[in-house]
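Below, read A as the first sequence line, B as the second, and so on, with proteins coming before strands; counting in each chain starts at 1.
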Amino acid sequence: MTTLLMIGELARRTGTTERLLRYYEEQGLLSPERTAAGYRVYEEADIAQVRRIRTLLTSGLNTATIAQVLPCLRDDDGRLVPTCPQLVGELHRERARLTDSIEALLASRSLLDEVITAAPPEFADLVGAAADRPGPAGRPAA
DNA sequence: TTTCTTACA
DNA sequence: TGTAAGTA
(Lines give C-alpha, C1' and ligand atoms only; values in the text may rest on other atoms or scores of the structure.)
Protein backbone atom coordinates (compact mmCIF):
# COMPACT_ATOMS: atom_id res chain seq x y z
CA MET A 1 0.00 0.00 0.00
CA THR A 2 1.42 3.31 -1.03
CA THR A 3 0.58 5.85 1.59
CA LEU A 4 0.03 9.34 0.31
CA LEU A 5 0.71 12.33 2.46
CA MET A 6 -0.01 16.02 2.49
CA ILE A 7 2.71 18.57 2.89
CA GLY A 8 2.10 19.00 6.60
CA GLU A 9 2.62 15.34 7.32
CA LEU A 10 5.70 15.09 5.16
CA ALA A 11 7.13 18.07 6.99
CA ARG A 12 6.56 16.35 10.31
CA ARG A 13 7.95 13.03 9.13
CA THR A 14 11.11 14.64 7.78
CA GLY A 15 11.70 17.25 10.44
CA THR A 16 11.46 20.03 7.91
CA THR A 17 8.89 22.75 7.35
CA GLU A 18 6.16 23.13 4.78
CA ARG A 19 7.92 26.23 3.58
CA LEU A 20 11.08 24.27 2.93
CA LEU A 21 9.26 21.50 1.08
CA ARG A 22 7.63 24.05 -1.23
CA TYR A 23 11.04 25.56 -1.80
CA TYR A 24 12.49 22.17 -2.72
CA GLU A 25 9.74 21.76 -5.28
CA GLU A 26 10.41 25.22 -6.67
CA GLN A 27 14.04 24.17 -7.07
CA GLY A 28 13.04 21.01 -8.92
CA LEU A 29 14.07 18.69 -6.11
CA LEU A 30 10.58 17.30 -5.51
CA SER A 31 7.68 16.87 -7.91
CA PRO A 32 4.56 16.01 -5.91
CA GLU A 33 1.27 15.30 -7.63
CA ARG A 34 -1.62 17.67 -7.05
CA THR A 35 -5.18 17.10 -5.98
CA ALA A 36 -8.01 18.76 -7.87
CA ALA A 37 -7.85 21.54 -5.30
CA GLY A 38 -4.14 22.02 -5.92
CA TYR A 39 -2.91 20.39 -2.74
CA ARG A 40 0.49 18.72 -3.01
CA VAL A 41 0.38 14.95 -2.63
CA TYR A 42 3.58 13.13 -1.67
CA GLU A 43 4.47 9.46 -1.58
CA GLU A 44 6.27 7.57 1.13
CA ALA A 45 9.37 7.51 -1.07
CA ASP A 46 9.52 11.27 -0.78
CA ILE A 47 10.39 10.91 2.89
CA ALA A 48 13.67 9.26 1.92
CA GLN A 49 14.06 11.71 -0.93
CA VAL A 50 13.88 14.66 1.44
CA ARG A 51 16.48 13.04 3.67
CA ARG A 52 18.72 12.59 0.64
CA ILE A 53 18.25 16.22 -0.29
CA ARG A 54 19.19 17.34 3.19
CA THR A 55 22.22 15.08 3.18
CA LEU A 56 23.42 16.56 -0.08
CA LEU A 57 22.77 20.12 1.06
CA THR A 58 24.79 19.41 4.18
CA SER A 59 27.54 18.17 1.91
CA GLY A 60 27.69 21.61 0.42
CA LEU A 61 25.92 20.99 -2.89
CA ASN A 62 23.60 23.69 -4.17
CA THR A 63 20.03 22.89 -5.16
CA ALA A 64 20.81 23.03 -8.88
CA THR A 65 23.49 20.39 -8.52
CA ILE A 66 21.28 18.26 -6.33
CA ALA A 67 18.51 18.39 -8.91
CA GLN A 68 20.90 16.85 -11.44
CA VAL A 69 22.38 14.38 -9.02
CA LEU A 70 19.18 13.10 -7.40
CA PRO A 71 17.98 10.91 -10.30
CA CYS A 72 21.39 9.24 -10.34
CA LEU A 73 21.36 8.02 -6.77
CA ARG A 74 20.21 4.72 -5.38
CA ASP A 75 19.36 4.38 -1.72
CA ASP A 76 21.11 1.34 -0.29
CA ASP A 77 19.46 1.46 3.15
CA GLY A 78 20.74 4.88 4.04
CA ARG A 79 23.81 4.78 1.86
CA LEU A 80 23.71 6.81 -1.31
CA VAL A 81 25.10 4.89 -4.26
CA PRO A 82 25.76 6.50 -7.67
CA THR A 83 23.94 4.77 -10.54
CA CYS A 84 25.07 7.00 -13.40
CA PRO A 85 28.67 6.82 -14.69
CA GLN A 86 29.06 10.57 -15.16
CA LEU A 87 27.92 11.29 -11.64
CA VAL A 88 31.16 10.20 -10.05
CA GLY A 89 33.08 12.72 -12.15
CA GLU A 90 30.71 15.50 -11.19
CA LEU A 91 31.07 14.64 -7.55
CA HIS A 92 34.82 14.81 -7.87
CA ARG A 93 34.49 18.29 -9.32
CA GLU A 94 32.19 19.28 -6.48
CA ARG A 95 34.67 17.89 -4.00
CA ALA A 96 37.44 19.93 -5.58
CA ARG A 97 35.32 23.06 -5.19
CA LEU A 98 34.83 22.26 -1.52
CA THR A 99 38.57 21.79 -1.10
CA ASP A 100 39.15 25.21 -2.64
CA SER A 101 36.65 26.76 -0.27
CA ILE A 102 38.22 25.09 2.73
CA GLU A 103 41.68 26.29 1.77
CA ALA A 104 40.40 29.80 1.24
CA LEU A 105 38.82 29.77 4.69
CA LEU A 106 41.99 28.43 6.29
CA ALA A 107 43.98 31.21 4.65
CA SER A 108 41.52 33.79 5.94
CA ARG A 109 41.79 32.39 9.43
CA SER A 110 45.56 32.47 9.32
CA LEU A 111 45.46 36.12 8.33
CA LEU A 112 43.14 36.88 11.24
CA ASP A 113 45.40 34.92 13.56
CA GLU A 114 48.33 37.12 12.60
CA VAL A 115 46.39 40.26 13.40
CA ILE A 116 44.99 38.88 16.64
CA THR A 117 48.39 37.67 17.79
CA ALA A 118 49.83 41.12 17.17
CA ALA A 119 47.40 42.69 19.64
CA PRO A 120 48.95 44.15 22.80
CA PRO A 121 48.65 41.90 25.89
CA GLU A 122 46.48 44.43 27.70
CA PHE A 123 43.77 43.85 25.08
CA ALA A 124 43.41 40.28 26.25
CA ASP A 125 40.54 40.85 28.67
CA LEU A 126 38.55 42.58 25.95
CA VAL A 127 38.08 39.33 24.07
CA GLY A 128 36.98 37.15 26.96
CA ALA A 129 33.83 36.09 25.09
CA ALA A 130 35.73 34.82 22.06
CA ALA A 131 34.93 31.17 21.41
CA ASP A 132 38.06 30.57 19.42
CA ARG A 133 41.66 31.60 19.89
CA PRO A 134 44.53 31.76 17.43
CA GLY A 135 46.41 28.50 17.16
CA PRO A 136 46.43 25.23 15.24
CA ALA A 137 43.76 23.57 17.36
CA GLY A 138 41.68 26.46 18.57
CA ARG A 139 40.26 26.30 22.06
CA PRO A 140 36.67 26.47 23.29
CA ALA A 141 35.85 29.26 25.71
CA ALA A 142 35.76 28.23 29.38
C1' DT B 1 -8.22 22.44 9.82
C1' DT B 2 -5.02 22.20 6.38
C1' DT B 3 -3.21 23.88 2.25
C1' DC B 4 -2.58 27.21 -1.60
C1' DT B 5 -0.12 31.52 -3.68
C1' DT B 6 1.88 35.84 -3.25
C1' DA B 7 4.39 39.27 -1.05
C1' DC B 8 6.81 41.74 2.56
C1' DA B 9 9.95 42.09 6.85
C1' DT C 1 12.90 31.82 6.63
C1' DG C 2 8.71 33.47 8.99
C1' DT C 3 4.34 35.38 8.50
C1' DA C 4 -0.08 37.40 6.87
C1' DA C 5 -4.04 37.51 3.81
C1' DG C 6 -8.00 35.40 1.59
C1' DT C 7 -9.31 30.80 -0.44
C1' DA C 8 -10.62 26.05 -1.57
- [ ] Starting at atom CZ of A:R22, determine the distance to atom P of B:dT5, rounded to an integer number of angstrom.
- [x] 7 Å
- [ ] Rounded off to whole Å, could you give me the OH-to-P distance for the A:Y39 and B:dC4 pair?
- [x] 7 Å
Task: Interatomic distance, A:E9 CD vs B:dT1 P [rounded to whole Å] - done: 17 Å
Open item on the list: Quick one: does any side-chain atom of A:S101 pair with a main-chain N or O of A:R97 as donor and acceptor, under 3.5 Å?
Closed with: yes
Open item on the list: Nearest whole Å is fine: how far is C:dT1 C1' from A:L21 CG?
Closed with: 13 Å
- [ ] Give a yes or no on whether a salt bridge exists between A:R13 and A:E9, defined as a side-chain N under 4.0 angstrom from a carboxylate O.
- [x] yes
Open item on the list: Can you identify which nucleotide, out of C:dT1, B:dT3, C:dA8, has its nearest atom closest to the A:R19 side chain?
Closed with: C:dT1
- [ ] Check whether any side-chain nitrogen or oxygen of A:R12 sits under 4.0 Å from OP1 or OP2 of B:dT2, and answer yes or no.
- [x] no
Task: Secondary structure of DNA chain B in dot-bracket form (Watson-Crick or G-U wobble, distances below 3.5 Å, | marking inter-strand pairs) - done: .|.|||||.
- [ ] Spell out, as yes or no, whether a donor-acceptor pair under 3.5 Å connects the side chain of A:T35 to the backbone of A:Y39.
- [x] yes
Task: Per A:R40 side chain, nearest of listed nucleotides B:dT5, C:dG2, B:dT3 - done: B:dT5
- [ ] Using whole Å, report how far CG of A:L5 lies from C1' of B:dT2.
- [x] 14 Å
- [ ] Mind listing the closest non-hydrogen atom pair of A:L61 and A:E94 along with its distance?
- [x] CD2-CG, 2.8 Å
Open item on the list: So if I take every side-chain heavy atom of A:I7 and compare against B:dT3, B:dT5, C:dT1, which nucleotide ends up nearest?
Closed with: B:dT3
TODO: Using a strict 4.0 Å threshold on nitrogen-to-oxygen distance, state whether A:R34 and A:E25 make a salt bridge.
DONE: yes
Open item on the list: Could you tell me how far apart A:Y42 (OH) and B:dT3 (P) are, to the nearest whole angstrom?
Closed with: 10 Å
Task: Heavy-atom pair with the smallest gap, counting every atom of A:I66 and A:I53 - done: CD1-O, 4.0 Å
Open item on the list: Between P on B:dC4 and CG on A:L10, what's the gap in Å once rounded to a whole number?
Closed with: 11 Å
Task: Euclidean distance, atom CZ of residue A:R34 to atom P of B:dC4 [Å, nearest integer] - done: 6 Å
Open item on the list: For C:dT1, does the base pair up with any side-chain atom of A:Y23 as donor and acceptor (N or O, under 3.5 Å, distance only)?
Closed with: no
Task: Nearest heavy atoms of A:Y42 and A:I7, plus distance in Å - done: CE1-CA, 3.7 Å
